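Remarks on the structure that follows.
Only heavy atoms go into these numbers, but all of them, side chains included; no hydrogens, no water, no symmetry mates. Just so you know, these numbers come straight off a predicted model, no measurement behind them.
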Amino acid sequence: MPPLPEPREFACVLYTVRDHVAEITLDRPERRNALNPRAYREIEAAFRQAGADDGVRCIVVSGADPAFCSGEDVKEMMTGESRTAEPVARREPTPAAMAALDCEKPVIAAVNGAAVGWGMELALYADVRIASEKAVFAELFIKRGLICDVGGLLRLPALVGPAKAAELLFTGDAIDARAGALADRIAANPPLALRYMKEGLRRTAYGDPHEIGSWAIETIYRLFETEDHREGVRAFLEKRAPKFTGR
């Protein structure tokens with residue numbers, strides 16, 4: 001893999017640091033901050049940068065209005081073409097997801113609009129989610145013939161309970177939320193204590209994100225080859241109800 005881009009090279013993400021708070025802003029408003037391969041790599045790079053910067057005590061992830069993140073850019077990434085890769089013993093989890101989950105700094109998702117598909121995943125990777133009245137959350141993967149990434153499998157059940165998580169994952173239904181502000185209050189606290197507080201929460205509240213993430217990506221690659229995935233994408237692009245066949 002080529003080296004990760006530097007913040008000054010970003011084209012899809014804005015990265016700034018102010019008063020010990022790193023702000024990572026998805027910046028493709030014309031596509032409702034939908035993600036393409038470059039955007040994924042810039043998200044990964046931004047979290048790695050913030051995690052390695054001793055001057056950063058808290059991270060805020062947001063999106064340029066009008067959305068937080070509308071998931072993958074369907075026209076660029078989910079056209080139903082084969083994504084078959086060479087067989088491997090174990091497929092690695094999504095690097096951007098691992099960069100967010102492995103980050104030792106507290107992370108806030110400031111959700112200012114739609115957070116759907118991988119956009120909801122990104123919000124789930126945060127320690128705290130602060131939502132505006134315009135925020136909408138949905139794990140839409142099932143409607144595209146796929147499963148969610150590690151956030152929906154690992155974080156969502158811990159946050160809302162297994163039954164509600166199953167409902168959201170099985171239906172792809174959307175939910176609304178409300179807003180607030182926390183970053184400055186967190187950043188005012190001692191950074192070492194914050195780091196170990198987060199480590200304690202991670203050790204006790206969640207399973208192994210690398211193990212779960214690897215399984216999720218392996219399964220997603222298998223589902224990319226199904227007719228139901230291709231039909232889900234075609235139906236979305238053609239603005240019609242999909243007709244799934246189980247193939």
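The two residues T226 and G145 come nearest to each other via the heavy atoms OG1-O, 4.3 Å. Among all heavy-atom pairs drawn from D228 and G246, the shortest one is OD2-N, 2.9 Å. Scanning both residues, L124 and R155, for their nearest heavy atoms gives O-NH1, 3.0 Å. Looking at every heavy atom in both residues, P5 comes nearest to R41 through CD-NH2, 4.1 Å. Smallest separation of non-hydrogen atoms from A241 and A235: C-CB, 4.2 Å. The minimum heavy-atom distance linking L35 with A39 is given by the pair CD2-CB, 3.8 Å.
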Stepwise side chain to side chain contact (heavy atoms under 4.5 Å, CB included) test for I130 and V111 = CA-CA 6 Å; I130 305 299; V111 183; over 6 Å; no
Take I147 and L223 through the test side chain to side chain contact (heavy atoms under 4.5 Å, CB included) and record every step on the way to the result.
-> CA-CA 8 Å; I147 66 166; L223 290 172; 3.7 Å; yes
Can C12 and L26 be said to form a side chain to side chain contact (heavy atoms under 4.5 Å, CB included), step by step?
-> CA-CA 6 Å; C12 303; L26 307 186; over 6 Å; no
Intermediate values then yes/no, side chain to side chain contact (heavy atoms under 4.5 Å, CB included), D127 and I108 = CA-CA 6 Å; D127 301 294; I108 297 173; over 6 Å; no
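Side-chain N or O atoms of R144 include none that pairs as donor or acceptor with a backbone N or O of V233 at under 3.5 Å. Side chain of S214 to backbone of R91: a donor-acceptor contact under 3.5 angstrom is found. Side-chain atoms of K105 come within 3.5 Å of backbone N or O of D53 as a donor-acceptor pair.
You'll find the side chain of R57 stays beyond 4.5 Å of the side chain of V21, heavy atoms only. E231 has its side chain out of reach of T245: every pair of non-hydrogen atoms, C-beta onward, lies at least 4.5 Å apart. Considering only heavy atoms from C-beta on, V150 comes within 4.5 Å of M98 through its side chain. Using a 4.5 Å heavy-atom cutoff, the side chains of F68 and V136 are not in contact.
Residue pairs satisfying the salt bridge (Lys or Arg N to Asp or Glu O under 4.0 Å) criterion with at least one member in residues 157-170, sequence neighbours excluded, are listed as follows: K164-E167. The ring-ring contact (aromatic ring centres under 6.0 Å, His included) contacts involving residues 149-170 comprise nothing, where partners must be two or more places apart or lie in separate chains. Sorted by first and then second residue, the pairs that involve residues 96-128 and meet ring-ring contact (aromatic ring centres under 6.0 Å, His included), not counting sequence neighbours, are Y40-W118, W118-Y125. Listed by first and then second residue, the salt bridge (Lys or Arg N to Asp or Glu O under 4.0 Å) pairs that reach into residues 25-38 are R28-D73, R28-E76, R31-D73, R38-E42, sequence neighbours excluded. Within the structure, salt bridge (Lys or Arg N to Asp or Glu O under 4.0 Å) pairs that include any residue of residues 117-126 do not occur (at least two apart or interchain).
Under the side-chain hydrogen bond (donor to acceptor under 3.5 Å, both in side chains) criterion, E6 pairs with no residue, sequence neighbours left out. With sequence neighbours left out, T16 forms a side chain to side chain contact (heavy atoms under 4.5 Å, CB included) with E23. Residues satisfying the side-chain hydrogen bond (donor to acceptor under 3.5 Å, both in side chains) test with D19, not counting sequence neighbours, are none. Listed by chain and residue number, nothing satisfies the side-chain hydrogen bond (donor to acceptor under 3.5 Å, both in side chains) test with R8 (two or more places apart in sequence, or in another chain). Judged as a side-chain hydrogen bond (donor to acceptor under 3.5 Å, both in side chains), and not counting sequence neighbours, the contacts of T171 are D173. With sequence neighbours left out, E238 forms a salt bridge (Lys or Arg N to Asp or Glu O under 4.0 Å) with R240.
Separating the CD atom in E133 from the CG atom in N112 is a distance of 13.0 Å, to the nearest 0.5 Å. Of the inter-residue distances, the one linking I220 atom CD1 with F141 atom CZ reads 6.5 Å to the nearest 0.5 angstrom. For the atom pair CZ (F10) and CD (Q49), the distance works out to 7.5 Å, reported to the nearest 0.5 Å.
Each of D102, V107, L101 was evaluated against F47; a single residue qualifies, V107, per the side-chain contact (heavy atoms from CB on, under 4.5 Å) test.
No path of Ile, Leu, Val, Met, Phe, Trp and Tyr side chains, each step under 4.5 Å between heavy atoms, connects I59 with L14, placing them in separate hydrophobic clusters. Cluster membership check: F244 does not share its hydrophobic cluster with L237, using side-chain heavy-atom separations under 4.5 Å among Ile, Leu, Val, Met, Phe, Trp and Tyr. By the criterion of side-chain heavy atoms lying less than 4.5 angstrom apart, applied directly or through intervening Ile, Leu, Val, Met, Phe, Trp or Tyr residues, L169 is not grouped with I142; the two fall into different hydrophobic clusters. At a threshold of 4.5 Å between side-chain heavy atoms, the hydrophobic network of Ile, Leu, Val, Met, Phe, Trp and Tyr places V17 and I43 in one connected group. One hydrophobic cluster holds both F137 and L154 under the rule that ILVMFWY side chains link at heavy-atom gaps under 4.5 Å.
For the pair E227 and R247, the salt-bridge criterion is not met [side-chain N within less than 4.0 Å of a carboxylate O].
Taking Ile, Leu, Val, Met, Phe, Trp and Tyr as members and joining any whose side-chain heavy atoms lie under 4.5 Å apart, directly or through other members, the hydrophobic cluster of V116 also contains L140.
The closest side-chain donor-acceptor pair between D149 and T94 falls under 3.5 angstrom.
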